[in-house]
2 protein chains.
Amino acid sequence: MNQKLAAQRHELILRAVRTHGTVRLQELVDLLGASAVTVRRDVTALADRGLVVRVHGGITMPKHAEPFPRGPQSVVGPAPAHPLVGMVAPSVEYYWPAVIQGAQTAVAAAGGRLVLRASSYDAAEDRRRVCELLDRGVQTLLVAPSTSGRAGVELLRWLGALTVPVVLVERLPPPELPTTALDAAVTDHAIGAGLAVRHLATLGHRRIGLVTSRQSPHSDAIRTGWTTAVSSLELPFNGVPVLDVPPYGSPQWTRAVDEVIDECLAADVHAVLVHADREAIGVLERARDRGVQVPGDLAVVSYDDEVAAASDPPLTAVRPQKHRLGALAAQLALARLADPLDRPVHRVVLWPTLTVRESCGTALEPQKGWTS
Amino acid sequence: MNQKLAAQRHELILRAVRTHGTVRLQELVDLLGASAVTVRRDVTALADRGLVVRVHGGITMPKHAEPFPRGPQSVVGPAPAHPLVGMVAPSVEYYWPAVIQGAQTAVAAAGGRLVLRASSYDAAEDRRRVCELLDRGVQTLLVAPSTSGRAGVELLRWLGALTVPVVLVERLPPPELPTTALDAAVTDHAIGAGLAVRHLATLGHRRIGLVTSRQSPHSDAIRTGWTTAVSSLELPFNGVPVLDVPPYGSPQWTRAVDEVIDECLAADVHAVLVHADREAIGVLERARDRGVQVPGDLAVVSYDDEVAAASDPPLTAVRPQKHRLGALAAQLALARLADPLDRPVHRVVLWPTLTVRESCGTALEPQKGWTS
DNA sequence: TCGCTTTCGATCGTTTCCGATCGTTTCGTT
DNA sequence: AACGAAACGATCGGAAACGATCGAAAGCGA
């Protein structure tokens, strides 16, 4: 017929699925006079908003709970005796080993087996790894996918449509997909950053800097946590350095750390939160080389307590509960496996803890000019 | 008939097996008009999901499992032999009985005992009840305190400083106390409201009203959920009534409901989300008295599926998982009791589910044409 | 009018679904 | 226990649907 606006097409699609219950995509093409790819686009848009459900070859109404309050039909046969659980972690070098061990422990405790595939912060590779695991025959999945960009949204959409239960680890569905009904276990890194800021504040610091490493998916949360804590404690922002540094060991590394130390001291900032142990240790090393006293001249809190205890001086560190998080995610998956239908979506948030060591100095020297 | 979508076939198969109890595969071939191998594939897929049970030559209903198939799980570490768990609920008439029962079953399953004290949405009384329970010797507490106002903040601060573990139920610390390190189990009422709005939208409504009851602590969350859903679905706001009504049965009740109905019909709004079953049932009654057809003239979704099934017509309702929530809170408390120090703060969020009944007029008779 | 963004459509390679065939297994009857 | 009929599982090929990419057309602001 003639050109229609997107909103009109959506309305017609909804009307059709409403009256027929299920509609074939080809029928929509005839009905709307638009091309198949356009109809597909419309349909995915509606599905993202939770108004229809995509099936191969067409769409149906969203399926909700049965009107008849029948007894828990739940158990699909008792939970398998030896469940095979798959896991896709974006890295096995940094942060994730502890999470993986936690999941491993929990799965083993339930008499099952965990099969791991490593990915590399890339949506396409994440998907390939998941496919491998499905071929391998896993009954449920723990995934920490890349959620950024269009590919990330696409991946989440795909994960949400799998037939095996999926639990997101340290990830939440992006805001474009508000109704993606996946269980998730995450750490509240913003709270963690807040813990560090508050600790430094109780030690008497008022000007507290922040150093994050580029390309970490948690940096954003840490930055917002730092910001809200600083503002809710009514600490000053202006002049306080907030810096990104390149990866530890890269060519520009030393220069970047020097810059951090210089900017802090120049801005009368004697306390910093540094994201990631490696980077914090690097700051410690460089400070020692240059004769900057830690914690005397500069108090340092590390975010992410991997090797912080072994530094010199030992680093006070925010400790995400990675082992517990992994175990929790595995428990969520196993529980969902035992009751895939009636069980509502679970979203669990763990707080990090703060481990106080020596890099902040226990005592606060009496501040001059302590006002208001 | 001719070609059907996979989802349609699955639906028909489920319907057939539900009405007949057991179906021969050949009957399904005739019913669906598909080849035997296709039917077999469908049946296999359904059996994998646990929806039917395969037998030679056909399928049967899955045998219903025992009501509480949950095994002991997730609680790590030795818990006290017979823990005494205290609980303070703000009401024992509305919403809370199911939560209390859930906590009761979980505590009993762990070999402990639950001691309940009822309060009444008042911070001072909440505190008195907690004190009574502490005198009674409880080892851990489930509390749903009043969090509003200065008294609420004060109460939360006090709860956070108690020596026994405290788990908040359906409450979070107020934003003034962002670091109050209490475990909590809450329902995401905003998501629940979104579910209702989306359901009405798929049924074709674009102007969707909202009726909340005053003085309910959940009303705010429901209102924001309604708002975000309406805006993310690009539904209209202007002219759509958003109303507060006095408690059901109060003197102004009838007048308020009349006003709701009048405003809706005057604004061309034929769908409303009503917070709380009682109020929704009141709307239904008044509509019937006045000759307003439900769902013909006005589709109603109730928030909070207590008695919604028994109304006339039965109400489609958003169902917070109260029983599970209570059980979850109790498990959190027991786990904290077993490991009071290292265990990080746990915040668990449950999504409600939507139970579709008749008050919205699903209206679509899905495909006749098969024998009964 | 130009340039930018958004929206829609055509094409192509890939995936998924469906049906036919064939050999094997299971059930009921003798 | 033996037999035949029905049901089952595996494999293959064709057809439809899907996703990705690119390009054209329309809307919008300067």
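Side chains included, hydrogens not; waters and symmetry mates left out as well; all remaining heavy atoms used. Here is the naming used below: chain letters follow the sequence lines, and residue numbers restart at 1 for every chain.
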### Message
Run Glu154(A) and Arg150(A) through salt bridge (charged side-chain N to carboxylate O under 4.0 Å, His left out) and show every step you take.
### Response
CA-CA 6 Å; Glu154(A) 193 58 40; Arg150(A) 253 204 22 214; over 6 Å; no

May I have the distance from [X] (atom [atom1]) to [N] (atom [atom2]), rounded to whole angstrom?
X        : N      : atom1 : atom2 : result
Leu28(A) : dG9(C) : CG    : P     : 14 Å
Arg9(A)  : dC8(C) : CZ    : C1'   : 8 Å
Leu32(A) : dG9(C) : CG    : C1'   : 14 Å
Asp42(A) : dG9(C) : CG    : C1'   : 13 Å
Gln8(A)  : dC8(C) : CD    : P     : 11 Å

### Query
Under 30°, 30 to 60°, or over 60°: which ring-plane class applies to His275(A) and His218(A), parallel, tilted or perpendicular?
tilted

### Task
Please report the closest heavy-atom contact between Leu28(B) and Val43(B), naming both atoms and the distance.
CD1-CG2, 4.2 Å

### Task
With the side chain counted from C-beta on, respond yes when Val167(A) and Leu141(A) share a heavy-atom pair under 4.5 Å apart, and no when they do not.
no

### Query
Do Leu25(B) and Ile59(B) touch side chain to side chain, with heavy atoms closer than 4.5 Å?
no

### Query
Within the structure shown, what part of the strands sits under 4.0 Å from Ala34(A) by heavy-atom distance: base, sugar-phosphate, or nothing?
sugar-phosphate

### Query
Under 4.0 Å: is that the gap between some side-chain N or O of Thr38(A) and OP1 or OP2 of dC8(C)?
no

Scan nucleotides 7-10 of chain D against the protein and return all N/O pairs shorter than 3.5 Å with their distances rounded to 0.1 Å.
from, atom 1, to, atom 2, distance (Å)
dA7(D), O3', Gly57(B), N, 3.4
dC8(D), OP1, Gly57(B), N, 2.8
dC8(D), OP2, Arg40(B), NH1, 3.3
dG9(D), OP2, Arg54(B), NH1, 3.4
dG9(D), OP2, Arg54(B), NH2, 3.3

### Task
May I ask you to decide if Ala16(B)'s main-chain N or O and His20(B)'s side chain share a donor-acceptor pair within less than 3.5 Å?
yes

